[in-house]
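A quick write-up on the structure given underneath.
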Amino acid sequence: MINVHSKALNQDITVNRIIANIKSEQAGPTLIFVGGIHGNEPAGVFALQRVAEHLTNEKINLNGNIICLAGNLRALKKGIRYHKEDLNRVWTKDRISHLPESTKDVAHEEIAEQIEIYAEIQKILKTNTGPFYFFDIHTTSSETLPFLTVNDSLLNRAYTSQYPLPMILGIEEYLNGPILSYINELGYVAFGFEAGQHDDLSSIENAEAFCYLSMVFTGVLSKDDIAFQHFFNLLAKTAGDIKNVYEIYFRYLIKNGEKFAMEPGFFNFQRVHKNQLVAISNGKEVRSKTNGRIFMPLYQSQGVDGFFAIRRIRRSFLRLSEKLRKLRADRILAWLPGIKWVDPEKSTLLVNKRVARFLAKDVLHLFGYRQIYRDKYELKMINREAKARTEDYQDTSWLNL
C-alpha cells in the first residue's frame with residue numbers, strides 16, 4: 001500500500017496493486033484497466049479510484065467484471081517515471097520467460113514490479129471469464145488532446161472505432177516491450193489511452209470519461225446508468241478536426257549520454273514544416289525532415305523518445321487493408337523473392353531488403369505486418385491478425401461495425 005500524489009488535485013490517495021475488483025453476478029466480459037505504469041503519471045490511478053468508488057457507492061448494475069490495477073507502485077510513490085528502467089519497455093518474450101518467481105533479491109525495483117503485475121494478469125485470465133479487454137491509461141509530458149494508441153489489428157481497429165478520438169497506429173514498431181504488445185500477442189483487445197498532460201486536472205476527467213465509455217462499449221454498463229452523452233461529448237469536443245487515424249513514421253531516439261532538449265511550446269498533433277527547428281541535441285539543431293505533425297514531444301528528464309512524427313492514413317488505405325487481411329492475401333507474400341516465413345504459425349516474415357527492394361513497409365502494413373526488427377539488410381515483420389482471438393468477440397455489438 002502506497003501514497004500517490006496528484007499535483008492537479010493537490011491531494012494524496014492510498015492504493016494497493018489492485019485498486020478495485022468489482023465482480024458482477026451477471027455474466028459478461030472482464031475489463032482490466034491499468035493506470036500509472038509510469039510513476040509520474042498518476043492521473044489514471046486517481047481516475048480509476050474515483051470511477052470504482054462511484055460504481056460501488058451508487059450500486060450500479062454491471063454485466064461483467066471490472067479490475068483496476070496500479071502500475072509501477074514504487075515509482076508512483078516517489079512521483080518518478082521509473083527507477084532503473086522503463087516498466088513499459090520490458091514486456092518481451094525473452095524478458096518474461098526469464099522472470100524470477102519471487103521478488104526477493106531482485107536487481108532493482110522494476111523487476112519486482114513486473115513479477116507482481118505479470119502474476120496478477122495470469123491470475124485474472126485464469127479466474128475470470130472473457131472476452132477480455134485491456135486498457136492502459138497514460139498521460140504525456142507535453143500539452144495534448146486525448147488520443148488512442150493502437151497496435152494494428154482489425155480486432156483493435158473495430159473496437160476502438162467507437163471512441164470519438166484520434167487513433168495512432170504503428171507505435172509498436174518503435175517501442176520495444178510495451179505491456180500492450182504483450183497482451184496483443186495473447187490475442188486480446190488491448191490499447192492505450194492518453195488522457196492529457198501529466199498534471200492537468202482535465203487528464204483525470206478525461207480518463208474517467210474514457211473508463212465509462214469503455215464500460216458501455218463493451219456491454220458491461222448500460223448507457224442509461226451514467227451520463228453517457230456528457231462523457232462522450234467531453235472527449236469528442238477535445239478531438240475537434242483531428243479525429244482521424246494516424247501512423248507514426250519517424251522517431252527521434254535519444255542516445256545514451258546525449259543532451260537533448262525540445263524547443264519550448266510544442267504540443268501533440270501540432271503541424272510542423274520541413275526544416276523547422278524542433279530541438280537541440282548536444283548543442284546542435286534538430287530540424288524536422290518533412291512536413292507533418294509532431295507527436296509526444298519530450299518535456300521530462302526521463303525517457304529516450306525525443307519526439308515522433310505522424311501522418312494521416314487515408315480511409316481508402318484502411319478499407320483496402322481490411323479487405324486484404326480478411327482474404328488472408330498475405331499468403332502470397334512468401335512466394336515472392338527475398339521473403340520467407342520464420343515461424344510455423346506463418347505470422348512472422350523475414351524480408352531481405354537487398355532482394356525484395358520493391359516491397360516497401362507501407363505495402364506490408366496493408367497486409368497487417370508491423371516491423372519488430374531491422375538492420376541494414378533485413379526486416380522482421382509480425383502479423384497481429386494471426387494471434388487475434390476474434391472468435392472470443394463474435395457475439396459483441398461492435399465487431400462488425
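As a basis for the values below, the full set of heavy atoms in this structure was taken, side chains included, without hydrogen atoms, waters or symmetry mates.
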Working to the nearest 0.5 Å, report the span between CD1 of Ile60 and CG of Leu62.
-> 7.5 Å

Do the charged groups of Asp225 and Lys223 touch, with an N to O distance under 4.0 Å?
-> no

Note: Glu185-Lys387 ion pair, threshold 4.0 Å (strictly below) = yes

Sort and list the pairs that fulfil ring pair (Phe, Tyr, Trp, His ring centres under 6.0 Å) and have at least one residue in residues 75-126, not counting sequence neighbours.
-> Trp91-Tyr182

Identify whether the distance between the nearest side-chain nitrogen and carboxylate oxygen of Glu85 and Arg95 falls below 4.0 Å.
-> yes

Within-4.5 Å side-chain heavy-atom neighbours: Ile18 and Leu69 = yes

More than 12 foreign heavy atoms under 6.0 Å from CD of Glu391: is that the case here?
-> yes

Are any of the side-chain nitrogens in Glu247 or Arg370 under 4.0 Å away from the carboxylate oxygens of its partner?
-> yes

Could you tell me whether the side chain of Leu318 reaches within less than 4.5 Å of the side chain of Arg157, counting heavy atoms only?
-> yes

Please determine if Glu109 and Lys84 form a salt bridge, counting it only when a charged side-chain N lies under 4.0 Å from a carboxylate O.
-> no

For the pair Tyr163 and Phe210, name the ring-plane relationship: parallel under 30°, tilted 30 to 60°, perpendicular over 60°.
-> parallel

When rounded to the nearest 0.5 Å, the distance separating CG of Leu366 from CD of Glu322 is 12.5 Å

Within a reach of under 6.0 Å around NZ of Lys77, are more than 12 heavy atoms found that belong to other residues, nucleotides or ligands?
-> no

So Tyr252 and Phe307, would you call those rings parallel, tilted or perpendicular, with 30° and 60° as cut-offs?
-> parallel

Hey, could you give me the CD1/CG distance between Ile117 and Asn72, rounded to the nearest 0.5 Å?
-> 7.0 Å

Any Lys/Arg nitrogen of Asp343 or Lys380 sitting under 4.0 Å from an Asp/Glu carboxylate oxygen of the other?
-> no

Hey, could you give me the CZ/CD1 distance between Arg251 and Ile171, rounded to the nearest 0.5 Å?
-> 9.5 Å

Would you call Asp152-Arg384 a salt bridge at under 4.0 Å N-O?
-> no

Evaluate the criterion side-chain hydrogen bond (donor to acceptor under 3.5 Å, both in side chains) for residue pair Asn128 and Lys23; output intermediate values, then yes/no.
-> CA-CA 9 Å; Asn128 292 270; Lys23 299 286 188 179; 2.3 Å; yes

Between Glu113 and Arg74, is the closest basic N to carboxylate O distance under 4.0 Å?
-> yes

Over 12 non-hydrogen atoms of neighbours within 6.0 angstrom of CG in Asp199 = yes

Return the orientation label for the Phe191 and Tyr159 ring planes: parallel under 30°, perpendicular over 60°, tilted otherwise.
-> tilted

Evaluate the side-chain contact (heavy atoms from CB on, under 4.5 Å) criterion for residues Leu169 and Thr149: first the C-alpha distance (whole Å), next the side-chain angles of each, then the deciding distance (0.1 Å), finally the verdict.
-> CA-CA 6 Å; Leu169 298 179; Thr149 54; over 6 Å; no

Before accepting this row, confirm whether a basic side-chain N of the pair Glu41/Arg81 lies closer than 4.0 Å to the acidic partner's carboxylate O.
-> yes

